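Structure first, then comments.
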There are 2 protein chains.
Amino acid sequence: MRIVVADCTVDYDGRLTAHLPLATRLVMVKADGCVAVHADGGAYKPLNWMNAPNYLTEEDDRWVVTNPKGETLTILFHAVHFETAMEMGEDPGLQKDGVEAELQRLLSETPWEIEPGLVLIRREYPTPIGPVDLLCRDADGVAVAVEIKRRGEIDGVEQLTRYLDFLNRDDRLGPVRGLFVAQAVKPQARTLAEDRGITWTEVDYDHLRGIDSPVLRLF
Amino acid sequence: MRIVVADCTVDYDGRLTAHLPLATRLVMVKADGCVAVHADGGAYKPLNWMNAPNYLTEEDDRWVVTNPKGETLTILFHAVHFETAMEMGEDPGLQKDGVEAELQRLLSETPWEIEPGLVLIRREYPTPIGPVDLLCRDADGVAVAVEIKRRGEIDGVEQLTRYLDFLNRDDRLGPVRGLFVAQAVKPQARTLAEDRGITWTEVDYDHLRGIDSPVLRLF
DNA sequence: AGTTCCATGTCGCGG
DNA sequence: CCGCGACGTGGAACT
């Protein structure tokens, strides 16, 4: 990794055109070739960047970074205050837990937590426009398409609506109703769901994790 | 800004739980207090971060960053290879050009470039669920709701559909048809639009900018 | 390679 | 502060 702190101007020309007036900034070049220009504030996102793969050409006081799509990032150095480079080696990478996939796994194992009497038919039930998270049958024997989101927003309701259009076109399953599940369902999503006859429910992630805990699994 | 290069492990506990095994990384602390942990690769995004506002507590070999939402980022330093700090001052900020707002402005001034004979009634025409980009009237006097996107994808068609539902509920405008405009309309979006009787068109941004140029404005 | 969908999305604007 | 939509979204998974 290479670090340069310098007074510079920066121009990006690609999907849009952007310009940074002269100021002191940090320029970071990583081993994979990606370049990022950071100001001393404004969250972790750089002001400007160019992801790998790209080509970096260095002239006296000017770097030009070009990528295969023809986008360019031009850094004009007026004064370099500090510069260093170091080897850092490979990174073993980030271990994550608690994302949507986990929520889907938990609910597929305890569908009754979504709605009493609900029974799983299949997880990731395929349709021509993508898989439905859970396909279930309710206490009355009616097929239920379940869409699971961490946050329940309007997009998720639209997605479920498209699935239901398809599922109700062929009659192998009989009529299919929709059930929208999230840790929190936004007011707009609630309204849209209700308007379309889609049921919505909120579930508690920590509660589900408790049910799934190794202690309870002993029984 | 403060830069530390060190062998460290990192744990994030918040919206999810994440762990970084021991490796050499760069830790950046900006003037606004935000903290970012970078590996030497993997694009501009840090492996872990904590945005401002937050509190940083430093013990011997451990930093704990806490934010008001109760999320924590814990960095355990095993060996510090390099450390520095510098003043960079305020950044004048990024000047952008070429985004959706600009496209909307250009098209509102030249609606005939969308479709011959099209005349603007109002920009940002209000509906209960948000403003329609452009409300126009076509050569036959029929009202046209125009949705403008930089990239024409399925979401935009859904959005326009919702507007049309509302506009066609009250009959002050008479029947309203939809027109979906983007620099490029994806195949799926085309299909969905056509299926719903919505016209779609692609426009060339550079061409529109040419029309809008100061030279032509002299006439 | 093209497409879809998730994300600790982030960011900015308006109510 | 929340809601909502754009973003140079980026990135991964899957076809």
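Below, each value reflects all heavy atoms present in this structure, side chains not excepted, and no hydrogens, waters or symmetry copies. Everything numeric here is computed off the predicted structure, so don't read it as measured data. Throughout, a chain's letter reflects where its sequence line sits, starting with A, and its residues are numbered from 1.
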note = Assert: residue with more 5' nearest nucleotide on DNA chain D, out of A/K186 and A/Y12, is A/K186
task = Please tell me which of the listed nucleotides, C/dC6, D/dG8, D/dG11, lies nearest to the side chain of A/M50?
result = D/dG8
inquiry  = For a quick check of understanding: with a heavy-atom distance under 4.0 Å over all strands, which category does A/Y44 fall into, base, sugar-phosphate or nothing?
reply    = sugar-phosphate
Whole-angstrom distance between C/dC11 and D/dG11, as gauged at atom P = 15 Å
Residue pair A/D7 / A/T24, side-chain donor-acceptor N/O under 3.5 Å = yes
query = To the nearest angstrom, how far is B/L94 atom CG from D/dG8 atom P?
reply = 8 Å
task = Would you please classify the geometry between the A/Y44 ring and the B/W49 ring as parallel, tilted or perpendicular, with 30° and 60° separating the classes?
result = tilted
message = Using a heavy-atom cut-off of 4.0 Å across all strands, would you classify A/G156 as base, sugar-phosphate, or nothing?
response = nothing
For B/L107 against B/L208, the heavy-atom pair lying closest together = CD2-CD1, 3.6 Å
ask   = Salt bridge between B/R25 and B/D40, side-chain N to carboxylate O under 4.0 Å?
value = no
key: Pairwise 5' ranking along DNA chain C for B/I154 and A/G42, keeping only the more 5' one   = B/I154
message = Taking 4.0 Å as the cut-off, does a side-chain nitrogen or oxygen of B/N67 come that near to OP1 or OP2 on C/dT8?
response = no
query = What integer number of Å spans the P atoms of C/dC5 and D/dG8?
reply = 22 Å
Side-chain N or O of B/K45 closer than 4.0 Å to phosphate OP1/OP2 of C/dG9 = no
task = Can you figure out which of C/dC11, C/dC6, D/dG8 approaches the side chain of A/Q159 most closely?
result = C/dC6
ask   = Is any side-chain N or O of B/W49 closer than 4.0 Å to OP1 or OP2 of C/dT10?
value = yes
Spacing of A/L192 atom CG relative to D/dG5 atom C1', expressed in whole Å = 16 Å
query = Nearest nucleotide by nearest heavy atom, which residue falls closer to the 5' end of DNA chain D, A/E71 or B/R162?
reply = B/R162
inquiry  = Within a 6.0 Å radius of atom CD on B/E90, are there more than 12 heavy atoms belonging to other residues, nucleotides or ligands?
reply    = no
ask   = Across the strands shown, which category fits B/D155 at heavy-atom distances under 4.0 angstrom: base, sugar-phosphate, nothing?
value = nothing
inquiry  = If the cut-off is 4.0 Å, is B/R15 near the phosphate of C/dG9, judged by side-chain N/O to OP1 or OP2?
reply    = yes
message = Quick check on DNA chain C: between B/N51 and A/E147, whose nearest nucleotide comes earlier from the 5' end?
response = A/E147
query = Picking from C/dC11, C/dC6, C/dG9, which would you name as closest to the side chain of A/K149?
reply = C/dC6
